[in-house]
Amino acid sequence: MNNDYQTYSVMDYGFQINPLLPIIGYTEVISDAVCLTHSHPRGQLLYATTGVMKVIVENQIWFVNPLQAIWIPGGAAHQVYFQKNVGLYSAFIDPSVASSLPAKSCAFDISIFLKELLFKIISFKTDDELMLIQERIIAVFLDEMALIVPSETFLPMSNNMKLKKIIDLLMSNKASKHTIDYYADVACVSSRTLSRLFIKELGINFSDWCIRLKLMEAIKMLGDKKSVKEIALGLGYENTSAFIYMFKKNTGKTPATFII
C-alpha cells in the first residue's frame with residue numbers, strides 16, 4: 001500500500017448507545033484513506049463490495065477482500081486502511097444485542113444471505129422507530145452473525161523484541177528465501193529458540209508465518225490490480241505455478257478468481 005493516505009474521520013455511530021436502535025447501518029465509497037486507531041462501545045461489521053481494507057486489531061493484521069467481512073467487538077482498538085476505491089458497508093451493533101456474537105475480532109467468508117441482510121439494514125432510516133418487519137430482519141442478521149466461522153487469513157504479530165526484529169525484516173523483504181537459521185543468527189539466538197518463539201508468541205511456526213505473510217501481500221497486490229506473474233515474482237516465486245498452488249491451497253481459490 002502506498003503512503004498517500006488521507007485521514008478518515010471516525011463515524012460517531014459507534015458511540016451511540018441505544019437498545020431501541022440495535023443496529024446502525026452505514027455505506028460510503030472511500031479511497032486511499034486511513035481511519036486512525038480508535039475504539040467504540042458498539043461492535044462493528046466491516047464489509048467492502050470493492051477494494052481491499054487493511055485492518056489492524058491489537059496484534060493481528062487482516063487484508064480484507066470482497067469475499068470476506070471483518071467483525072470487531074465493542075471496545076476493541078482498531079485501525080483501518082482503505083485501499084483505492086473501497087465500497088464500504090458497515091453495521092454498528094449495540095452492546096445490548098451483541099452478547100451472542102464472537103468475543104474476539106475475526107475475518108470470515110461472508111455469505112450472500114448475510115450480505116443481503118446487511119444491505120437491507122443499511123437502507124433503514126436511523127431516526128425512525130423500527131417497524132416489526134425491520135426488527136425481524138435485524139434478529140435474523142444477528143442470528144447469522146452468531147454463526148460466523150473465523151478465517152485464518154490473518155497475520156499475527158508480537159511485541160517480543162527479538163521476534164519483532166525478525167518480523168520487521170521479513171515484512172521489509174517479502175521475497176526473502178532465507179531460512180530460520182539465517183534469522184536466528186540475526187537475532188543472536190538458536191534456530192530452536194526462534195522456532196519456539198514463533199509458536200509461543202504467534203501461535204504458528206516460522207514457515208507457516210512466512211507463507212501467511214506472502215498470502216496477505218498477494219491479496220493486497222491483487223487489490224492493486226497487479227498481474228499474477230508480477231505478484232509471483234515480487235514474492236520470490238520462480239514461476240507463477242508455484243505461487244498459484246500456494247494461493248489456492250490456502251484460500252481455496254486461484255488468484256484470478258479471488259477478487260472480482
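Reckoned from all heavy atoms, side chains included, excluding hydrogens, waters and symmetry mates.
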Rounded distance (nearest 0.5 Å) linking atom CD1 of I110 with atom CD1 of I148: 9.0 Å

Side chain to side chain, F247 and T254, heavy atoms closer than 4.5 Å: no

Determine whether D94 and L21 satisfy the following criterion, side-chain contact (heavy atoms from CB on, under 4.5 Å), listing intermediate values before the conclusion. CA-CA 7 Å; D94 193 82; L21 197 60; over 6 Å; no

Answer yes if the side chains of E58 and S105 hold a donor-acceptor pair under 3.5 Å, and no otherwise. no

Under a 4.5 Å side-chain heavy-atom rule over Ile, Leu, Val, Met, Phe, Trp and Tyr, are L233 and F243 clustered together? no

Same cluster for F141 and F113 if Ile/Leu/Val/Met/Phe/Trp/Tyr side chains link at under 4.5 Å? yes

With a 6.0 Å cut-off (strictly less than), is the heavy-atom count around NZ of K115, excluding the residue itself, greater than 12? yes

Test item: P255 and I244 side chains (from C-beta on) under 4.5 Å apart, heavy atoms: yes

Minimal non-hydrogen separation, A69 against L45, with atom names: CB-CD1, 3.8 Å

Verdict with supporting geometry, N250 and I211, side-chain contact (heavy atoms from CB on, under 4.5 Å): CA-CA 9 Å; N250 286 277; I211 290 173; 3.9 Å; yes

What's the separation between atom CG in L118 and atom CD in E116, rounded to the nearest 0.5 Å? 9.5 Å

Note, E28 side chain near F82 side chain (heavy atom, < 4.5 Å): no

Taking the side chain as C-beta and beyond, is there a heavy-atom pair between I70 and V80 under 4.5 Å? no

Within 6.0 Å of CG in L132, more than 12 heavy atoms from elsewhere: yes

Side-chain donor/acceptor of R136 to backbone N/O of M131, under 3.5 Å: no

Answer with yes or no after comparing the ring centroid distance for Y89 and F119 against a 6.0 Å cut-off, counting only values under it. yes

Do Y183 and S176 get their side chains close enough for a donor-acceptor pair, meaning under 3.5 Å? yes

Between M216 and I61, is any pair of side-chain heavy atoms under 4.5 Å apart? no

Return yes when atom CG of L147 has more than 12 non-hydrogen atoms of other residues, nucleotides or ligands closer than 6.0 Å, and no otherwise. yes

Taking atom CG of L222 and atom CD of E230, what is their separation to the nearest 0.5 Å? 11.0 Å

Within 45 degrees of the ring normal and closer than 6.0 Å to the centroid, is that where the cationic atom of K220 sits relative to Y81? no

Enter the distance from N160:CG to K200:NZ here, rounded to the nearest 0.5 Å. 8.0 Å

Distance col, row Y47:OH vs M53:CE, nearest 0.5 angstrom, shows 9.0 Å

Polar side-chain atom of K248 near backbone of Y245 as donor-acceptor pair, under 3.5 Å: no

For K177 and E238: C-alpha separation, side-chain torsions, deciding distance, then whether salt bridge (charged side-chain N to carboxylate O under 4.0 Å, His left out) applies. CA-CA 11 Å; K177 297 181 181 178; E238 295 182 358; 3.8 Å; yes

Taking S195 for the side chain and S191 for the main chain, is one N or O donor matched with an acceptor at less than 3.5 Å? no

As a quick check of understanding, evaluate side-chain contact (heavy atoms from CB on, under 4.5 Å) for H38 and M11, giving each step before the final call. CA-CA 11 Å; H38 66 286; M11 302 301 300; over 6 Å; no

Closest heavy-atom contact between P66 and T49? CB-O, 3.6 Å

Should D32 and K84 count as side-chain neighbours, where that means a heavy-atom distance under 4.5 Å? yes

Looking at every non-hydrogen atom in both residues, tell me the closest pair between Q60 and W62 and how far apart they are. OE1-CH2, 2.9 Å

Joint cluster assignment, L36 & I56, ILVMFWY side-chain distance < 4.5 Å: yes

Using the rule that Ile, Leu, Val, Met, Phe, Trp and Tyr join whenever any side-chain heavy atoms are under 4.5 Å apart, tell me whether V10 and Y26 fall into a single cluster. no

Closest non-hydrogen atom pair, S158 against L202: CB-CD2, 3.7 Å

Between D208 and R212, is the salt bridge (charged side-chain N to carboxylate O under 4.0 Å, His left out) condition met? List the steps. CA-CA 6 Å; D208 286 344; R212 198 174 291 188; over 6 Å; no

Should the heavy atoms of other residues, nucleotides or ligands under 6.0 Å from NZ of K120 be counted, would the total exceed 12? no

Mind checking the CD1-CZ spacing from I199 to R196? Nearest 0.5 Å is all I need. 11.0 Å

Between V97 and L142, the two heavy atoms sitting closest are CB-CD1, 3.7 Å

Tell me if a side-chain donor or acceptor on T27 pairs with a main-chain N or O of L88 at a distance below 3.5 Å. yes

Heavy-atom side-chain proximity of F108 to M145 below 4.5 angstrom: yes

Transitively linked via ILVMFWY side-chain contacts under 4.5 Å: Y182 with W209? yes

Less than 4.5 Å apart, any side-chain heavy atom of Q79 and any of C35? no

Show, in sequence, the C-alpha distance, side-chain angles and deciding distance for L155 and M157, and conclude whether the side-chain contact (heavy atoms from CB on, under 4.5 Å) test is met. CA-CA 7 Å; L155 193 64; M157 307 296 286; 4.3 Å; yes

Work out which heavy atom in P41 is nearest to a heavy atom in F15; give both atom names and the distance. CD-CD2, 3.8 Å

